[in-house]
Visitor: 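I'd like to ask some things about the structure below.
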Amino acid sequence: MAFDSGVDIVLYHLETVDSTNAYAKANIARLPDGTLVTAGCQTAGRGRMGRCWVSPAGRNFYGSLVMKRLERPLAGTMAISLGALLALRKLAPSLPVWLKWPNDLYVGEAKLAGVLSETVAMADGRRAVIAGIGVNLNLTAAELSAIDRPATSVLATAGVEINPDFFASVLAESVKSYYSIGIYSEVALFSQWRAANRIVGLEIELEVGGSVIRGVAAGIADDGALLIRDASGKEKPYYCGDATIRRTSLQNLAKILQNDNH
Ligand code: BTN
């Protein structure tokens, strides 16, 4: 199924760095295409919307994939998210992990991983995509409770401890085919990402620009926007925001995920 476009994913490990995304951007000229920059810990891990990303040493995975043959941040998000989903399914098959539009991996109603995709200009004027991902692997319940939003880890939900270096090698293998597909056809990558997203059909609240939109996630449009249907039946596209699943919908999601795993 994978299209072999000659992509090689090469691991480049740093013990400590401010942020793997910042490092990849600053060193774009010398990092080969397909480099997965990983770190033991980050001193200034960055999340979306200016948030910080909790990055203690040796407990989680922090990495940024350099993709010089993609141009749109969304394409990078799709490749790394699908790669991480596959890696987690290989390493912790019982984990009911799901992809939540636009940038997250969730277990139940808690965040397991987040993606920050950025672009950087190269010397020839083209742009490269840097897709950063943080995956909570071994944070304990006490460590998770110190995070200001509902968060979980593989250890806390599946009871499985995963070495971050081992996760890096499995992710490198898993993301390779998705990066190849993206190079070959962003449309093909998009259709896999859209199919893997489990938000569609759920009742949600979307926090965007200081207001909250309530409705049903009716679908994901071809340009990546989330379509939300309000109580009057009107659908509108949204391009970013924090989606919270309404309690009533979580049980439906649990059933969908159970079917996924069988
Ligand atoms: C989010 O959910 O807000 C995105 C979090 C992205 C965190 C990762 S960790 C590796 C990479 N380096 C960073 O500084 N951020 C991303």
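Atoms within each ligand, like the ligands themselves, are counted from 1 in listed order.
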Visitor: Under 4.0 Å between a Lys/Arg side-chain N and an Asp/Glu carboxylate O for Asp242 and Arg51?
Guide: yes
Visitor: Decide whether the shortest distance between a heavy atom of Val115 and an atom of ligand 1 is less than 4.0 Å.
Guide: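 Flag set, Val115 near ligand 1.
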Visitor: Check each atom of ligand 1 against the heavy atoms of Gly134 and keep those under 4.0 Å away; list them by number with element.
Guide: 7 (C), 8 (C), 9 (S)
Visitor: If the cut-off is 4.0 Å to any non-hydrogen atom of Gly47, which atoms of ligand 1 fall inside it?
Guide: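 Going through ligand 1 atom by atom, the ones under 4.0 Å from Gly47 are 1 (C), 3 (O), 4 (C), 5 (C).
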Visitor: Side-chain heavy atoms nearer than 4.5 Å, only ILVMFWY residues, links allowed to pass through others: does that put Trp53 and Ile133 together?
Guide: no
Visitor: Please work out which of Gly114, Gly63, Cys52 has its closest non-hydrogen atom nearest to atom 6 (C) of ligand 1.
Guide: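 Nearest option to atom 6 (C) of ligand 1, by heavy atoms: Gly114.
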Visitor: Among all protein heavy atoms in this structure, tell me which lies nearest to atom 3 (O) of ligand 1, with the distance rounded to 0.1 Å.
Guide: Arg48 N, 2.6 Å
Visitor: With a cut-off of under 6.0 Å to the ring centre and 45° to the axis, is Lys100 in cation-pi contact with Tyr106?
Guide: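 So Lys100 does make the cation-pi contact.
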Visitor: Kindly identify the option in Thr20, Asp18, Val17 whose heavy atom sits closest to atom 11 (C) of ligand 1.
Guide: Thr20
Visitor: Using the rule that two of Ile, Leu, Val, Met, Phe, Trp, Tyr join whenever any of their side-chain heavy atoms come within less than 4.5 Å, decide whether Phe190 and Trp98 are in one cluster.
Guide: yes
Visitor: Which atom names give the shortest non-hydrogen contact between Ala79 and Leu189, and what distance separates them?
Guide: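 Result for this residue pair: N-CD2, 4.1 Å.
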Visitor: Check ligand 1 against Arg46 and write out every atom of the ligand that is under 4.0 Å from a heavy-atom position of the residue.
Guide: 5 (C), 6 (C), 7 (C), 13 (C), 14 (O), 15 (N), 16 (C)
Visitor: Please report the shortest heavy-atom distance between Val54 and Asn60, naming the atom on each side.
Guide: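 So the two residues come closest at O-ND2, 4.2 Å.
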Visitor: Which residue owns the protein heavy atom closest to atom 12 (N) of ligand 1, what's the atom, and how far is it?
Guide: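 Of every protein heavy atom, Gln42 OE1, 2.9 Å lies nearest to atom 12 (N) of ligand 1.
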Visitor: Which pair of non-hydrogen atoms, one from Ala39 and one from His13, has the smallest distance, and what is that distance?
Guide: C-CE1, 3.7 Å
Visitor: Distance under 4.0 Å to a non-hydrogen atom of Gly45: what atoms of ligand 1 satisfy this?
Guide: 14 (O)
Visitor: Report the part of Asp104 (side chain from C-beta onward, or backbone N, CA, C, O) that has a heavy atom under 4.0 Å from ligand 1; answer both or neither where that applies.
Guide: side chain
Visitor: Measure the distance from atom 2 (O) of ligand 1 to every protein heavy atom, then report the residue, atom name and distance (to 0.1 Å) of the closest one.
Guide: Lys111 NZ, 2.5 Å
Visitor: If you look at every heavy atom in Gly241 and Val208, which pair is closest and at what distance?
Guide: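 Nearest heavy atoms, Gly241 then Val208: CA-CB, 4.4 Å.
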Visitor: To the nearest 0.1 Å, how far is atom 5 (C) of ligand 1 from its closest protein heavy atom, and which atom is that?
Guide: Trp53 CE3, 3.5 Å
